[in-house]
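Below: the structure, in structure tokens.
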Amino acid sequence: MTDIKELLFSRIRDVADYPEPGVMFKDITPLLADPAAFTALTDALAEIAGRTGATKVVGLEARGFILGAPVAVRAGLGFIPVRKAGKLPGATLGQAYDLEYGSAEIEVHAEDLSADDRVLIVDDVLATGGTAEAAIQLIRRAGAQVAGLAVLMELGFLQGRPRLESALEGAPLEALLVV
């Protein structure tokens, strides 16, 4: 795992003062542009999907789509997008959550998940955990089980993991990299 960590870290670019002064943005686009690194990432996340017994992969808008879709294909599972409110046609279930300033809402197609599903949530970064916590609640409201949460990178200093531990109810939270 050390080799993959080194490969992934080497392809993540720090961008100072983005999107605002004082923030060090972790840009994953160089990783996505490198076929070897992107394949290694996809394989590692697909292995987590297999280990958790997932039957579906949920990707959180927007970079979770980029990571989650190839993970689902590699693992032989269905992919379900969780989108910002108002972006999905048809009947949806929504879940509101608080942001630092204000609130947001995410949605999923109501018919895409069932009681037989075990869902692995995939995203690029775990920061404060607000979106992931809302996704966990949304998946359970849809009647499915949460198999786990897998992210490329956890920003440990933002304390998202402690926030999610009770919400996950024992399901694993796996971060390939911790910053």
* Asked: Would you say the side-chain atoms of Arg161 pair up with the backbone N or O of Leu173, donor to acceptor, closer than 3.5 Å?
  -> yes
* Does the Gln95 side chain pair with the main chain of Ala134, one donor and one acceptor, at a distance under 3.5 Å? -> no
* To do: Check Ala150 against Leu45 and note the closest heavy-atom contact, atom names and distance.
  => CB-CD2, 3.8 Å
* Asked: Counting N and O atoms only, with roles assigned by atom type, does the side chain of Thr39 sit under 3.5 Å from a partner on the main chain of Ala36, one being a donor and the other an acceptor?
  -> no
* Asked: When you measure from the side chain of Asp124 to the backbone N and O of Gly64, does any donor-acceptor pair fall under 3.5 Å?
  -> no
* Is the backbone N or O of Ser166 less than 3.5 Å from a side-chain atom of Glu169, with the two atoms forming a donor-acceptor pair by type? -> no
* Structure fact -> Output for pair (Glu61 CD, Thr131 OG1), nearest 0.5 Å, gives 10.5 Å
* To do: Using modelled atom types only, decide if a donor and an acceptor are shared between the side chain of Lys26 and the backbone of Met153 within a distance under 3.5 Å.
  => no
* Asked: Are Leu138 and Ile106 close enough, and set up right, to give a side chain to side chain contact (heavy atoms under 4.5 Å, CB included), and what steps lead you there?
  -> CA-CA 8 Å; Leu138 186 59; Ile106 54 174; 4.1 Å; yes
* Who pairs with Ala104 by side-chain contact (heavy atoms from CB on, under 4.5 Å), at least two apart in sequence or on another chain? -> Tyr97, Leu99
* Donor-acceptor contact below 3.5 Å, side chain Asp117 vs main chain Ser114 -> yes
* Asked: For Ala75, what residues pass the side-chain contact (heavy atoms from CB on, under 4.5 Å) criterion, not counting sequence neighbours?
  -> Ala46, Ala49, Leu77
* With sequence neighbours excluded, tell me which residues meet side-chain contact (heavy atoms from CB on, under 4.5 Å) with Ala85. => Glu105, Glu107
